[in-house]
Amino acid sequence: MPEVLEVEYFRRVADRTVGRTIARVRAPDEWFVKRTDPAALGVLVGCRVTGTRRRGKLLMIDTDGPVLGLRFGMTGRLLVDGFAPIERLEYASARYEPEWFRFGLDFAEGGRLDLVDPRRLGGVELDPDPDRLGPDVMTIGAAGLRDVLAGSTAPLKARLLDQDRLAGLGNLLVDEILWRAGLDPARPAGGLDPSELARLHRHLRATLARLLEKGGSNKGDLQGQRRRDGECPRCGTPLERRTIGGRTTFSCPTHQR
DNA sequence: CCGGATGTTCACCT
DNA sequence: GAGGTGAACATCCG
């Protein structure tokens, strides 16, 4: 999906609907409805939106009835009253084909909320269980991060991407954070010493804060070099390109150890 | 034409 | 159990 930063932008626009009453639910694509009987979505009609929450990449719309959970896959976008906080994702067109509107709400007071997802990798569900996810990466403390990594032989990057253990990081953010922290993504997750853990936590917090300001996961310093022949923005060394945790990984062999 | 892309889930390995 | 791989989803881009 969009990673945690983009979902946070989505949550902020979704917040505009707080106080409105759902007049109609549009779910033209049953496949997009997860772990929920599509017919059950009708119970949302007449419910009032009371708030929004986010855990990792899961957006939750609270109502005085069920909670509506929204997931965005890699190419999902949220539109509220036709306003999009993100016009265009890296690998998704800025177009809005009618068949890409996978789910939507119409409000009694006017206005609408739409989930547009060309690749159909996202989904919606009623009463999602946020505790299936690990702690949210935006607020995790140093001790929490230590616990996420402790005892694991998995590659550091794979562990940080495991949403059941730490919710929110995606492929771009994790590469950016590890590059800034000077840590090799292939290191065993449980093998960091206390000073490395502190460094990782510091760069995790700083990178998220900085990129939230700058406009999202694709605004990192490494982003422009995520290609074959890419070079480390800091030292010019050709970047290493590997598959770690099942995802294409770029790292600097010189200063990521 | 082909490979790969901000993700998740599942089956199937070791 | 812990990890890894590959497939599936559907579209765009280089």
Side-chain angles (χ1 to χ4, degrees), chain A residues 1-10 28-35 54-59 69-78 84-102 115-125 128-130 132-134 137 148-179 185-191 207-208 211-212 214-220 222-230 241-250:
Chain A
M1 347 191 156
E3 306 186 33
V4 63
L5 302 179
E6 286 72 25
V7 180
E8 176 58 21
Y9 299 144
F10 293 154
D29 183 358
E30 291 204 352
W31 191 85
F32 207 71
V33 181
K34 314 292 185 184
R35 289 186 285 273
R54 182 190 55 70
R55 174 104 158 229
K57 306 172 194 172
L58 171 66
L59 176 59
L70 303 179
R71 299 185 160 282
F72 297 90
M74 282 209 280
T75 54
R77 286 165 288 170
L78 192 70
I86 299 172
E87 267 313 314
R88 185 182 191 292
L89 292 155
E90 194 67 10
Y91 292 97
S93 156
R95 285 162 36 227
Y96 293 89
E97 300 294 338
E99 62 268 30
W100 296 345
F101 283 67
R102 311 291 182 186
L115 205 172
V116 183
D117 184 3
R119 284 185 63 182
R120 214 179 170 219
L121 298 173
V124 303
E125 83 184 281
D129 178 9
R132 292 179 54 190
L133 298 165
V137 71
V148 166
L149 303 178
S152 172
T153 60
L156 178 57
K157 169 166 174 173
R159 194 74 168 187
L160 292 171
L161 280 175
D162 183 347
Q163 303 297 304
D164 296 344
R165 304 188 185 270
L166 177 65
L169 294 184
N171 200 37
L172 299 185
L173 283 177
V174 78
D175 273 9
E176 178 77 17
I177 290 164
L178 291 175
W179 175 74
R187 289 259 308 264
T207 304
L208 292 175
L211 296 191
L212 187 67
K214 281 189 81 172
S217 306
N218 57 344
K219 305 296 185 195
L222 203 56
Q223 180 65 18
Q225 300 300 314
R226 295 185 62 87
R227 50 181 168 80
R228 289 187 167 81
D229 303 330
R241 181 186 189 277
R242 293 173 285 181
T243 299
I244 299 175
R247 312 297 302 278
T248 298
T249 301
F250 290 90

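Here the structure is a predicted model, which is why all the values come from computation and not from measurement. Numbered from 1 within each chain, the chains take letters A, B, ... in sequence-line order. The analysis underlying the following values was restricted to heavy atoms, covering all of them including side chains, and did not include hydrogens, waters or symmetry mates.
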Q: How far apart are the closest heavy atoms of A/L212 and A/Y9, and which atoms are they?
A: O-OH, 2.5 Å

Q: Return the nearest nucleotide to the side chain of A/P118; candidates are B/dG4, C/dT11, B/dT9.
A: C/dT11

Q: C/dC9 P sits how many Å from A/R102 CZ, rounded?
A: 13 Å

Q: Applying side-chain contact (heavy atoms from CB on, under 4.5 Å) between A/L160 and each of A/I177, A/L178, A/V137, report the one that passes.
A: A/L178

Q: Ignoring hydrogens, what is the shortest heavy-atom contact between A/L211 and A/S217? Give both atom names and the distance.
A: CD1-O, 4.3 Å

Q: Measure CG/A/L58 against C1'/B/dT8 and give the value in whole Å, please.
A: 12 Å

Q: If every non-hydrogen atom of A/T249 is compared with every non-hydrogen atom of A/R247, which pair is closest and at what distance?
A: OG1-O, 2.9 Å

Q: Distance check needed: B/dT8 C1' versus A/L59 CG, whole Å only.
A: 17 Å

Q: To the nearest Å, give me how far apart CG (A/D162) and C1' (B/dT8) are.
A: 12 Å

Q: Measuring only the P atom in each nucleotide, how far is C/dG1 from B/dT8? A whole number of Å is fine.
A: 23 Å

Q: Might you point out which heavy atoms bring A/R226 and A/N171 nearest each other, and give the distance in Å?
A: NH2-ND2, 3.3 Å

Q: Under 4.0 Å: is that the gap between some side-chain N or O of A/R119 and OP1 or OP2 of C/dT11?
A: no

Q: Atom CE of A/M74 to atom P of C/dA10: distance rounded to whole Å?
A: 13 Å

Q: Rounding to an integer number of Å, can you tell me how far A/L169 CG sits from B/dT8 C1'?
A: 16 Å

Q: Restricting to nitrogen or oxygen on both sides, can you table the protein-nucleotides 2-4 of chain C pairs closer than 3.5 Å?
A:
from  : atom 1 : to     : atom 2 : distance (Å)
C/dG3 : OP1    : A/S152 : OG     : 3.0
C/dG3 : OP1    : A/T153 : N      : 3.2
C/dG3 : OP2    : A/R159 : NH1    : 3.4

Q: Given the C1' atoms of C/dG6 and B/dG3, what is the spacing between them in whole Å?
A: 15 Å

Q: For nucleotides 11-14 of chain B, print each protein N/O atom paired with a nucleotide N/O atom at under 3.5 Å, atom names and distance only.
A:
none

Q: May I ask you to decide if A/G168's main-chain N or O and A/Q163's side chain share a donor-acceptor pair within less than 3.5 Å?
A: yes

Q: So, OP1 or OP2 of C/dT11: does either fall under 4.0 Å of a side-chain N or O from A/W100?
A: yes

Q: Atom CD of A/E99 and atom P of C/dC9: how far apart are they, to the nearest Å?
A: 18 Å

Q: On the ring face of A/Y96, is A/R77 found with NZ or CZ under 6.0 Å from the centre and within 45° of the axis?
A: yes

Q: Nearest whole angstrom, please: distance from the P of B/dA5 to the CG of A/L222.
A: 14 Å

Q: Is DNA chain C part of any stem, that is, at least 3 consecutive Watson-Crick or G-U pairs with both distances under 3.5 Å, and where?
A: B:2-5 with C:11-14, B:7-14 with C:2-9

Q: Should A/T75 be listed as having a side-chain N or O under 4.0 Å from OP1 or OP2 of B/dA5?
A: no

Q: Which heavy atom of A/L222 sits nearest a heavy atom of A/D175, and at what distance?
A: CD2-O, 3.7 Å

Q: Flag the pair A/E8 / A/L208 as yes when at least one side-chain heavy-atom distance between them is below 4.5 Å, and no otherwise.
A: no

Q: Without swapping roles, check the side chain of A/R120 against the backbone of A/W100 for a donor-acceptor pair under 3.5 Å.
A: no

Q: What I'd like to find out is whether the side chain of A/F32 reaches to under 4.5 Å of the side chain of A/L115, using heavy atoms alone.
A: yes

Q: Within the structure, does a side-chain N or O atom of A/K34 lie under 4.0 Å from either OP1 or OP2 of B/dT9?
A: no

Q: Surrounding CG of A/D229 (heavy atoms of other residues, nucleotides or ligands, distance under 6.0 Å), is the total greater than 12?
A: no

